[in-house]
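Quick caveat, the model's predicted, so the values are computed rather than measured. Just so you know, ligand 1 is whichever comes first in the structure, and atom 1 is the first atom listed for that ligand.
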Amino acid sequence: MSSTVAGTVPQVSEFDVVVVGSGAGALTGAYVAAARDRSVVVLEATDRLGGTSAYSGAACWLPGTQVQERAGIGDSTEAARIYLRALIGEQTAAHQDAFLQHAPALVEFLERDPAIAFEWRPFPDYFAAPGRMDSGRAINPLDLPTEDLGELAALVRPPVDRDRTGQGHSAAAPLSQGRALIGRLLLALTRAGATVRTGTRVTGLLTDGGGRVVGVEARTAEGPVRVRARRGVLLAAGGFERNAAMRAEHGVPGDAAWSMAPAESAAGEPIAAAVALGAATDLLDQAWFCPGVLHPEGSAAFTLGFRGGLVVDGTGHRYADESLPYDRMGRQMAAAPGRVPSWLVFDSRAGGQLPAISIPPLPPEEHLAAGTWVRADTLAELARQIGVPPAELTGTVERFNTFAATGVDEDFSRGEDPYGRFFAVGDGPNPCLVPVDRAPFYAARLVLSDLGTKGGLCTDPAGRVLRTDGAPIPGLYAAGNTSASMAGPVYPGPGIPIGTAMVFSSLAVQDMTGASLEPGSA
Ligand SMILES: Cc1cc2nc3c(=O)[nH]c(=O)nc-3n(C[C@H](O)[C@H](O)[C@H](O)COP(=O)(O)OP(=O)(O)OC[C@H]3O[C@@H](n4cnc5c(N)ncnc54)[C@H](O)[C@@H]3O)c2cc1C
């Protein structure tokens, strides 16, 4: 269904700015345009706004802003620059510098609107590298009472557990995390006069004959539409993680069915449309990876914060520090054959509950009934049930338990990094090493999931889409998972996907419209 929730009437099919997608990046770009009195339309393919951004924790890696300053955590743009350079290197140096320079101004601009407010929350950066903040530097939106959003609240994509089961928002709860970020941006941009259309799937780009992009073609329930853009088109429509054919073509590890994006999004049409105009691409085999607990119907649940148990491959051996940040653990799963599926082996000390955060969660009984988890009185029997050599699994667990007793993981150094310890609950000498010795024992099947692909259109630091010869395509911009990530194959810290999407969307809209974020300017 196509609907207009604010602003100009739908028969006006020309705007200064056309924004494709409605994640955090898209809505940030749209807000910048609307707040600076440019006419802007947000075109969303599905009937809900927010995409994967709405499912997210909404940690935004936006360093050195007034929010970290208020929290008094001692963050700085310069420390963040040192950290990014150490991890990503020089290849995207210009993007890193533009990102770091713009993040504080963007947050100041956003918080000037009464609808938008952030706070710092601890969540460590993901790598031991110079410039790291051990307690983290990501900022998060404050919860938003549903009534503040009024009828618009029904348009925000619900949390993933409710969305996958066809439920809307809980009437009792405020919008939190990703829903709060999307809700706050939506409130701000609609108050500023932006138009939002759902049920409008962009399928192609319009050009003026001279190679300039002047609008989009889209499919709606009422038929095809054309929306013209006077200043530019911003493609911020996520990646192609739900497109099995594109994943196979580009060799993205994992599976479309195991991705965390909403099933009806992330098909990659905007990337394909830009490529048809000669756009260059990069990082197409990359994603923001994570381990996923396999669910009975074939989907997966983003799993992080392992606070007990150990992970083994098909031979019954550990292969990594289970407390690694999720993208790093996912990359370990992809690094060798025989690791998908892996098994999270744990015991009964927590009543058979998974010793990790899994989103969306599913009760153990449902997993056990479906066979995605198994339970046995001995480790040898558990091994037989999952098809792993019993002697190997038993030996691996015995060795792990000696590490738990001494507090030293001689194989993978689990528990030595602040990120791993952030989630730890153990009361032994190393809180990340909890013995697995209380029958019955459990094994949960893990697959390689992702939060979205991160390869896509090549852009310059202003968000302009580049051709294969390096020249910008006039009028065409990209951000978020539609673009090749500034971070390359690295996931530096919590909030990098959304933080970069927000900054480069804002820079794109500023570039195409000449809008400034300075107070009192246009
Ligand atoms: C449980 C969970 C927690 C996470 N937590 C965090 C976190 O705290 N911080 C962080 O930075 N990242 C987090 N992530 C990852 C992050 O949510 C995504 O990587 C990011 O939101 C992607 O943003 P995007 O704007 O590129 O795409 P999306 O947010 O997915 O938005 C894309 C939108 O475009 C629409 N669209 C697609 N194709 C078309 C088309 N052809 N026409 C029109 N519209 C189209 C889609 O339907 C969708 O609504 C998390 C992910 C999950 C699943």
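- Under 4.0 angstrom from ligand 1, the non-hydrogen atoms of Thr200 all belong to its backbone.
- Inclusion of Pro494 in the set of residues having an N or O under 3.5 Å from an N or O of ligand 1 is not warranted.
- Under a 3.5 Å cut-off, the side chain of Thr220 and the backbone N or O of Gly223 do form a donor-acceptor pair.
- Taking the ring axis of Phe127 as reference, the NZ or CZ atom of Arg328 stays within 45° of it and closer than 6.0 Å to the ring centre.
- Every residue two or more places apart in sequence or in another chain was checked for a salt bridge (Lys or Arg N to Asp or Glu O under 4.0 Å) with Asp282, and none qualifies.
- The part of Ala58 lying near ligand 1 is the backbone, judged by heavy-atom distances below 4.0 Å.
- Ligand 1 has no nitrogen or oxygen under 3.5 angstrom from a nitrogen or oxygen of Ala479.
- Interface of Gly480 with ligand 1, defined as ligand atoms under 4.0 Å from a residue heavy atom, comprises 26 (O).
- By the criterion of a heavy-atom distance under 4.0 Å, both the backbone and the side chain of Ser53 are placed next to ligand 1.
- Side-chain atoms of Arg162 come within 3.5 Å of backbone atoms of Gly168 as a donor-acceptor pair (strictly under, hydrogens ignored).
- The backbone and the side chain of Arg201 each have at least one atom closer than 4.0 Å to an atom of ligand 1 (non-hydrogen atoms only).
- Taking a cut-off of under 4.0 Å to the non-hydrogen atoms of Leu43, the atoms of ligand 1 that pass are 43 (C), 44 (N).
- Ligand 1 has no N or O atom lying under 3.5 Å from any N or O atom of Val20, backbone or side chain.
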